[in-house]
Amino acid sequence: MLTSLLIRNFALIEEIRIAFGPGLTVMTGETGAGKSIVIDALGLVLGERADTTMVRQGSQKAVVEAELDAASLDMLRSTVEAMEAEWQSVLILRREVSVKGTSRAFVNDTPVPVGALKVLGDRLVDIHGQHEHQSLLRPETHRVVLDSDPAVEEHRDAYRVLFTEFTAVLRELDTARRTRDRIDERRLIAEHQLREINLVHPDAGEDETIEQELRVVEHAEKLAVAANEILDLLYDGEQNVVDMLGRSGKLFEELTRIDTSLDPYKGEVQSAATGLAEIARSVRDYVERIDFTPDRPEQLRHRLAELTGLKRKFRMTLGELLDKRDELQKEVDGLDSIDDRIEELERRTETLRAKTSRAAGALSAERRKAADALGKAVVAELKDLGIRHAVFETRLEFTPATSGGPRHLVQEGSPVACDENGWDTVEFFLSTNLGEDAKPLHKVVSGGEVSRIMLALKSIFAGRDGIPIMIFDEIDVGVSGTIARKVGNAMHKLARRHQILAITHLPQIAGIGDAHLLVEKQVHNGRTATRVTALDPDARTREVARLLSGDRVTDAALQSARELM
């Protein structure tokens, strides 16, 4: 429960502290006195947007502080403690806005982000002004109203879990398909490059081997002549080195018989002869290997040109090209797996489409049950509010998914459009006159009727949202007389379960409040200021009489006010 509201240097308010009690508190005052300023100040401390124009002229900052009895707000304890604020018996929310535009927020004197006040405010106070109840005329709000039914809410939450998974898989499938498109392009490139390399079919070090062989075959004749000359000198000629070393060895053998000191030289000559003979055999083998095939040089040049062209095209060495070939082969092999992934995602998509469709169907069925119950309850409330022959219907429709796009559900074999709320569009229809067909709400209701419908809905749903404080800012516009009294009674009845603050111009409503606040403008020292006064019983009677008769309060008006109260 809100126990007090301190407002300092806010718009026309210099400083006021308003005390609140349980039940229905009414607030009255002349037009322009500042009733809406009080509501704006309360909105500020509940986290609404700040504006430097809120700071009273000549002041450095505006301050709004709300105190609430925390005894019945234990559901907020974990939220407050998560803000690192101390939980205590009184919950104090404070907002400061400086003339420079800076804004600060506090919960139990602990600095918090402004958004923290919004979190608490959304769970503490439900503010309804004329624009809020006019929003009831927009069909997009009707589903929100219907879905506040706990059974519908449960089915909607279950549906949303599946819908979230379904849309996530759809996104994954779309990404995979777009990846496959890119992969197909990449596969063409990789396969083309792989074919180019495999067409040449290079081997490691092949370019160096060919260059060496080409040098040999291009000089085969010269190499053969020189090699044969070496053979003649070493072994084959009449005067060859091997023969001469053989004769030298025999001479050394004769000499060593006489002088053994020459033995080492004899061995070295024999060793040299053996080594040269081995060299001569190798040279002979080399001569036999020399290829004198006429077209061999051209074959080698052509092969070398292929390798050189491939290296130039890829700007790589032959070794790097071979590594590239291996990488391309692995890439091509790996790219094929995306098709398997897409097939798997397509199967999951259809499985989830079926599950989500069943959940949407269950949600729709639950909405229809809730719609029937809501219609009966609204008609009963409207009867109490003076609309005796009301017919209230909630109609649910769906939109075929004519494009057959991927994000659709299936109802009785046909594709239907869907979103996170299912496939239903919800709209309220109303007839307020006997014998008239129900029509869309926005086409048939007057200002007074929509006020009563909003009040009826609030009375029906009062216990569902768990919000303890409700504020009605002149939602009684368009009603008067007996109907105004009925609206007041409905507010008073609602005040049994909620703390209600109602700004009104109607004496029928002002007269039945549990407490009454009067908002007035005063001029002091050349400055205008708004004042809020809690009225005692006599003052309340005079204010209700003023609402009945105008500024001139007569004895008859006072008597009427007493009877009304």
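If you read the sequence from its start, that first residue is 1, and numbering goes on from there.
- Under the 4.5 Å side-chain criterion, counting only non-hydrogen atoms from C-beta, Leu304 is in contact with Thr308.
- Side-chain contact between Thr394 and Glu427 is absent, with no heavy atoms from C-beta onward closer than 4.5 Å.
- Taking the side chain as every heavy atom from C-beta outward, Leu318 and Lys311 approach each other to under 4.5 Å.
- Annotation: the span from Met54 atom CE to Ser98 atom OG amounts to 13.0 Å, rounded to 0.5 Å.
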(message) What verdict does the salt bridge (Lys or Arg N to Asp or Glu O under 4.0 Å) test give for Lys324 and Glu327, after you've listed the backbone C-alpha separation in whole Å, the side-chain angles of each residue and the deciding distance to 0.1 Å?
(response) CA-CA 5 Å; Lys324 177 73 172 178; Glu327 291 172 5; 5.1 Å; no
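- Residues Ser78 and Met75 share a closest heavy-atom pair of OG-O, 4.4 Å.
- More than 12 heavy atoms of other residues, nucleotides or ligands lie within 6.0 Å of CZ in Phe106, so this atom counts as buried by the packing criterion.
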(request) Let me see the working for Gln60 and Val55 under side-chain contact (heavy atoms from CB on, under 4.5 Å), right down to the final yes or no. (result) CA-CA 7 Å; Gln60 294 302 305; Val55 182; over 6 Å; no
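- Crowding of Lys439 atom NZ: a count of heavy atoms from other residues, nucleotides or ligands under 6.0 Å exceeding 12.
- Results of the side chain to side chain contact (heavy atoms under 4.5 Å, CB included) test with Ser357 over Leu162, Leu409, Leu352 single out Leu409 as the only residue that passes.
- With sequence neighbours excluded, the residues satisfying side-chain contact (heavy atoms from CB on, under 4.5 Å) with Ala204 are Leu322.
- Side-chain atoms of Ser103 and Arg95 form a donor-acceptor pair, as typed in the model, at a separation below 3.5 Å.
- For the pair Ser271 (side chain) and Gly267 (backbone), a donor-acceptor distance under 3.5 Å is absent.
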(request) List the steps, then state whether salt bridge (Lys or Arg N to Asp or Glu O under 4.0 Å) holds for Arg353 with Glu350. (result) CA-CA 5 Å; Arg353 193 190 308 278; Glu350 293 313 310; 3.1 Å; yes
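- The number of heavy-atom neighbours closer than 6.0 Å to NZ of Lys355, taken from other residues, nucleotides and ligands shown, is 12 or below.
- One distance of note links CG of Asn421 with CG of Leu146; it measures 11.0 Å at 0.5 Å rounding.
- With contacts defined as side-chain heavy-atom distances shorter than 4.5 Å, the pair Asp323/Met316 does not qualify.
- Inter-residue side-chain proximity for Arg94 and Arg104 is flagged as unmet; no heavy-atom pair is nearer than 4.5 Å.
- At most 12 heavy atoms of other shown residues, nucleotides or ligands fall within 6.0 angstrom of atom CD in Gln57.
- Between the CD atom of Gln193 and the CG atom of Leu321 there is a distance of 10.0 Å, given to the nearest 0.5 Å.
- Residues Lys330 and Asp326 are not paired through a salt bridge, judged by the lack of any N-O separation under 4.0 Å between the basic side chain and the carboxylate.
- In this structure, the separation between CD on Gln329 and CG on Asn198 is 7.0 Å, given to the nearest 0.5 Å.
- A donor-acceptor pair under 3.5 Å links the side-chain atoms of Glu320 to the main chain of Thr317, judged by distance alone.
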(message) What verdict does the salt bridge (Lys or Arg N to Asp or Glu O under 4.0 Å) test give for Asp285 and Arg281, after you've listed the backbone C-alpha separation in whole Å, the side-chain angles of each residue and the deciding distance to 0.1 Å?
(response) CA-CA 6 Å; Asp285 291 341; Arg281 283 192 293 273; over 6 Å; no
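- Within a 6.0 Å sphere centred on CD of Glu154, heavy atoms belonging to other residues, nucleotides or ligands number 12 at most.
- With a 4.5 Å cut-off on side-chain heavy atoms, Tyr265 and Leu255 do not count as touching.
- Arg303 has no carboxylate O lying under 4.0 Å from a charged side-chain N of Asp207, or vice versa, which leaves the two without a salt bridge.
- The main-chain N or O of Arg8 is never found under 3.5 Å from a side-chain atom of Arg56 such that the two would form a donor-acceptor pair.
- Around CD of Glu229, the count of heavy atoms belonging to other residues, nucleotides or ligands within 6.0 Å does not exceed 12.
- The list of ring pair (Phe, Tyr, Trp, His ring centres under 6.0 Å) pairs with a residue in residues 162-203, not counting sequence neighbours, reads Tyr159-Phe163.
- Salt-bridge check for Arg156 with Glu366: failed, with every basic side-chain N at 4.0 Å or more from each acidic carboxylate O.
- Of the inter-residue distances, the one linking Glu96 atom CD with Leu44 atom CG reads 10.5 Å to the nearest 0.5 angstrom.
- Looking at Val269 and Leu251, their side chains never come closer than 4.5 Å, going by heavy atoms from C-beta outward.
- Across all their heavy atoms, Val80 and Glu86 have their closest contact at CG1-O, 4.2 Å.
- Here the straight-line distance linking atom OG1 of Thr175 with atom CG of Leu170 works out to 10.5 Å at 0.5 Å rounding.
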(request) Report the C-alpha separation of Asp372 and Arg368 in whole Å, then their side-chain angles, then the decisive distance to 0.1 Å, and conclude whether the salt bridge (Lys or Arg N to Asp or Glu O under 4.0 Å) test is met. (result) CA-CA 6 Å; Asp372 290 341; Arg368 293 183 187 281; over 6 Å; no
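- The environment of Gln299 atom CD is dense: over 12 non-hydrogen atoms of other residues, nucleotides or ligands sit within 6.0 angstrom.
- Side chains of Asp149 and Leu374 form no contact here, defined as non-hydrogen atoms less than 4.5 Å apart.
- Closest heavy-atom contact between Arg325 and Leu194: O-CD1, 3.6 Å.
- For Glu140, the CD atom is densely surrounded, since the number of other residues' heavy atoms within 6.0 Å is greater than 12.
- Judged purely by distance below 3.5 Å, without hydrogens or angles, the side chains of Asn108 and Thr110 never pair a donor atom with an acceptor atom.
- For Arg348, the side-chain contact (heavy atoms from CB on, under 4.5 Å) partners two or more places apart in sequence, or in a different chain, are Glu165, Val169, Glu172, Glu344, Leu345.
- With hydrogens and angles disregarded, a donor-acceptor distance shorter than 3.5 Å links the side chain of Asn240 to the backbone of Asp243.
- Under the 4.0 Å criterion applied to side-chain N and carboxylate O atoms, Arg301 and Glu298 are assigned as salt-bridge partners.
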